[in-house]
Participant: 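If you scroll down you'll find the structure; I have some questions about it.
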Amino acid sequence: MGFKKMRGVKLPYKKQGFIFFLCQNYEELPEDIQTGIRMQCRLVAGEYAGALLAVLTTGKSISNIALQYHTSESALYRYRKRFYENFENSFYN
């Protein structure tokens with residue numbers, strides 16, 4: 001799985017890549033960073049935080065995750081966009 005810049009996300013390529021690869025290495029991250037990612041998922045996606053976490057940290061397709069968590073693909077795309085755009089505020093402020 002490679003990284004491709006998301007056009008709708010208002011962040012430069014390098015910042016998107018940083019967030020993408022950080023989340024893809026979720027299991028190897030220190031517990032406090034894992035906790036921060038999970039908390040941001042809850043803030044962004046509410047009851048679908050587990051689905052968003054799966055989108056961010058696994059190689060599964062959004063359509064498979066949407067089916068598994070009984071939500072829509074478009075909702076998961078919106079949550080992912082919000083997660084990325086709120087990332088700096090949640091971790092650095």
Side-chain angles (χ1 to χ4, degrees):
M1 171 182 221
F3 170 69
K4 187 172 125 180
K5 185 177 187 304
M6 294 174 272
R7 290 181 294 160
V9 177
K10 294 178 178 114
L11 291 173
Y13 177 80
K14 286 182 180 180
K15 285 189 181 184
Q16 284 189 27
F18 173 77
I19 297 166
F20 174 83
F21 288 111
L22 183 74
C23 290
Q24 287 297 302
N25 289 288
Y26 177 82
E27 294 297 326
E28 289 80 34
L29 295 173
E31 182 59 37
D32 60 328
I33 303 294
Q34 288 182 3
T35 300
I37 290 171
R38 286 192 310 270
M39 286 175 55
Q40 184 63 17
C41 286
R42 277 194 295 277
L43 287 171
V44 167
E47 67 180 293
Y48 296 106
L52 176 58
L53 187 64
V55 167
L56 297 169
T57 62
T58 71
K60 293 180 180 179
S61 72
I62 285 188
S63 42
N64 284 344
I65 294 169
L67 286 171
Q68 180 183 353
Y69 286 88
H70 309 289
T71 188
S72 69
E73 292 177 38
S74 60
L76 292 177
Y77 284 118
R78 277 193 315 276
Y79 298 148
R80 182 178 67 179
K81 179 181 189 293
R82 226 175 286 153
F83 179 91
Y84 271 72
E85 291 178 349
N86 293 335
F87 182 84
E88 285 186 325
N89 293 333
S90 63
F91 281 88
Y92 300 120
N93 290 333

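For reference, positions follow the sequence shown, starting with 1. Quick caveat: nothing in here was measured; it's all calculated off a predicted structure.
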Participant: With a 4.5 Å limit on heavy-atom distance, are the side chains of Ile65 and Thr58 in contact?
Facilitator: yes
Participant: What residues, two or more places apart in sequence or in another chain, satisfy salt bridge (Lys or Arg N to Asp or Glu O under 4.0 Å) together with Glu31?
Facilitator: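 Per chain and number, Glu31 pairs via salt bridge (Lys or Arg N to Asp or Glu O under 4.0 Å) with Arg38.
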Participant: To the nearest 0.5 Å, how far apart are CG in Leu56 and CD in Gln24?
Facilitator: 8.5 Å
Participant: Nearest 0.5 Å please: distance from the OH atom of Tyr48 over to the SG atom of Cys41.
Facilitator: 15.0 Å
Participant: Quick one: pull up CG in Leu52 and OG1 in Thr71 and give me the separation to the nearest 0.5 Å.
Facilitator: 10.5 Å
Participant: Can you give me every donor-acceptor pair (side chain of residues 8-22, partner residue at least two apart or in another chain, under 3.5 Å) with its distance?
Facilitator:
from	atom 1	to	atom 2	distance (Å)
Lys15	NZ	Glu88	OE1	3.4
Lys15	NZ	Glu88	OE2	2.8
Gln16	OE1	Met6	N	2.7
Gln16	NE2	Met6	O	3.1
Gln16	NE2	Val9	O	3.3
Gln16	NE2	Leu11	O	3.1

Participant: Please name the pair of heavy atoms, one in Ile37 and one in Cys23, separated by the smallest distance, quoted to 0.1 Å.
Facilitator: CD1-SG, 4.4 Å
Participant: Work out which heavy atom in Gly50 is nearest to a heavy atom in Tyr69; give both atom names and the distance.
Facilitator: O-OH, 3.5 Å
Participant: Please find the pair of heavy atoms, one from Arg80 and one from Ile62, that lie closest to each other, and give the distance.
Facilitator: NH1-CD1, 4.0 Å
Participant: To the nearest 0.5 Å, tell me how far Glu73 CD sits from Ser61 OG.
Facilitator: 7.5 Å
Participant: Nearest heavy-atom pair of Ser72 and Ala66: which atoms, and what distance?
Facilitator: C-CB, 4.0 Å
Participant: Linking I/L/V/M/F/W/Y whenever their side-chain heavy atoms sit closer than 4.5 Å, directly or via other members, would Leu43 and Ile33 fall into one cluster?
Facilitator: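 In one cluster: no.
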Participant: Identify the heavy atoms of Tyr26 and Gln34 that sit nearest to each other, and give their distance.
Facilitator: O-NE2, 2.8 Å
Participant: Same hydrophobic cluster for Phe3 and Leu76, using side-chain heavy-atom links shorter than 4.5 Å among ILVMFWY?
Facilitator: yes
